[in-house]
There are 2 protein chains.
Amino acid sequence: MKRRNFAHRPGCAVEATLDLIDGKWKGVILYHLQSGTQRFGELRRLMPGITQRMLTKQLRALEDDRLIIRTVYAEVPPRVEYRLSETGESLRPVIDILKAWGEKHRERLSCGPDPDMVPLPDRAA
Amino acid sequence: MKRRNFAHRPGCAVEATLDLIDGKWKGVILYHLQSGTQRFGELRRLMPGITQRMLTKQLRALEDDRLIIRTVYAEVPPRVEYRLSETGESLRPVIDILKAWGEKHRERLSCGPDPDMVPLPDRAA
DNA sequence: CCCAATAGTATCCAAACAGGGACTAATTCC
DNA sequence: GGAATTAGTCCCTGTTTGGATACTATTGGG
């Protein structure tokens with residue numbers, strides 16, 4: 001999601017925060033980095049669905065937003081480590097609450113079939 | 001963001017929750033509905049940047065996820081009200097923390113002062 | 001020599017997101 | 001009669017996201 005100008009309106013703070021962690025992967029990356037420094041390949045293994053390209057892109061975006069810190073070691077084979085910045089660390093309670101909510105409502109989230117799921121009423125006026 | 005199937009890997013809960021509230025508007029809509037039932041037009045006025053089309057789409061997505069409830073009154077001119085479902089209500093702490101974080105890091109977010117910002121009564125001991 | 005390993009890039013492509021503007025229906029107000 | 005109101009829908013456009021595949025450089029090991 002592109003950078004937006006949040007000049008206007010209440011709700012701005014919600015929008016701005018969401019802007020940093022949204023998309024399919026950024027929240028999950030931050031979550032994994034909460035358990036400590038990770039290398040590129042380690043992150044990739046932790047997120048089986050992501051492609052190299054997307055992982056790179058998302059990491060760059062997080063880096064641009066100063067949420068993570070990227071450290072390159074001049075070795076062969078290359079080694080690059082990612083870790084949370086101080087700002088990234090400060091998101092920990094945010095990620096935690098997302099995780100907690102998700103776990104609590106797991107059954108609604110197609111993490112498994114929900115037998116209580118009832119079809120929506122007809123939308124017509 | 002399209003519906004995904006969330007395997008039971010770590011990070012799933014984070015991903016699943018984010019899936020419900022991400023995008024440019026959904027978090028903000030939920031935030032506005034926290035102050036009570038709103039009509040379509042009221043929401044639109046609260047979010048000057050959104051188009052009718054996008055507001056409709058996002059509301060439908062939230063409804064499909066059972067986070068909000070849509071009530072149509074057979075009147076002219078039409079009246080449609082939106083309010084949080086019980087599940088939507090349960091997201092309140094999540095939205096709150098997003099808002100709190102955003103406010104705390106306002107200066108990083110190129111976010112101007114929030115006109116709604118009212119000092120809380122001092123609750124401290 | 002050839003392969004594996006790492007952390008990426010490059011290129012191409014499809015789908016989703018986002019926005020503008022025009023259009024609607026039924027009723028009330030002027 | 002004409003305008004305003006409400007909650008949308010429809011069409012058209014451009015941008016962003018996400019993904020598949022192939023490719024790179026360097027060096028150690030066999």
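Both backbone and side-chain heavy atoms feed into the values below; hydrogens, waters and symmetry mates do not. Please read all numbers here as calculations on a predicted model, not as lab measurements. Below, read A as the first sequence line, B as the second, and so on, with proteins coming before strands; counting in each chain starts at 1.
- Straight-line distance from the CE atom of B:M54 to the P atom of D:dA7: 18 Å, rounded to whole Å.
- For B:T51 and B:K57, each mapped to the nucleotide of DNA chain C holding its nearest heavy atom, the one lying further toward the 5' end belongs to B:K57.
- Distance CD (A:E75) to C1' (D:dT27): 12 Å, rounded to an integer number of Å.
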Donor-acceptor pairs are to be reported for all side-chain atoms of residues 34-45 of chain A against protein atoms at under 3.5 Å, with residues two or more places apart or in another chain.
unit_1	atom_1	unit_2	atom_2	d
A:S35	OG	A:H32	O	2.8
A:R39	NH2	A:P78	O	3.3
A:E42	OE1	A:R39	N	2.7

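- Between B:K24 and C:dG19, a side-chain N or O to OP1/OP2 separation shorter than 4.0 Å is present.
- For A:E75, the salt bridge (Lys or Arg N to Asp or Glu O under 4.0 Å) partners two or more places apart in sequence, or in a different chain, are A:R79.
- Computed from coordinates, the B:I29 CD1 to C:dA18 C1' distance equals 13 Å when rounded to whole Å.
- Among B:L33, B:I29, B:L84, B:T87, the one residue that satisfies the side-chain contact (heavy atoms from CB on, under 4.5 Å) test with B:L67 is B:T87.
- Straight-line distance from the CG atom of B:L55 to the C1' atom of D:dT6: 13 Å, rounded to whole Å.
- Applying the side chain to side chain donor-acceptor pair (under 3.5 Å) test to A:S90 and every residue at least two apart in sequence or in another chain returns B:W101, B:H105.
- Every side chain to side chain contact (heavy atoms under 4.5 Å, CB included) that B:R53 has, sequence neighbours left out, goes to B:T51, B:K57.
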Item checked: Under 4.0 Å protein heavy-atom contact, by nucleotide of nucleotides 6-13 of chain C - B base, S sugar-phosphate only -> BBBB-B--
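- Every salt bridge (Lys or Arg N to Asp or Glu O under 4.0 Å) that A:E89 has, sequence neighbours left out, goes to A:R92.
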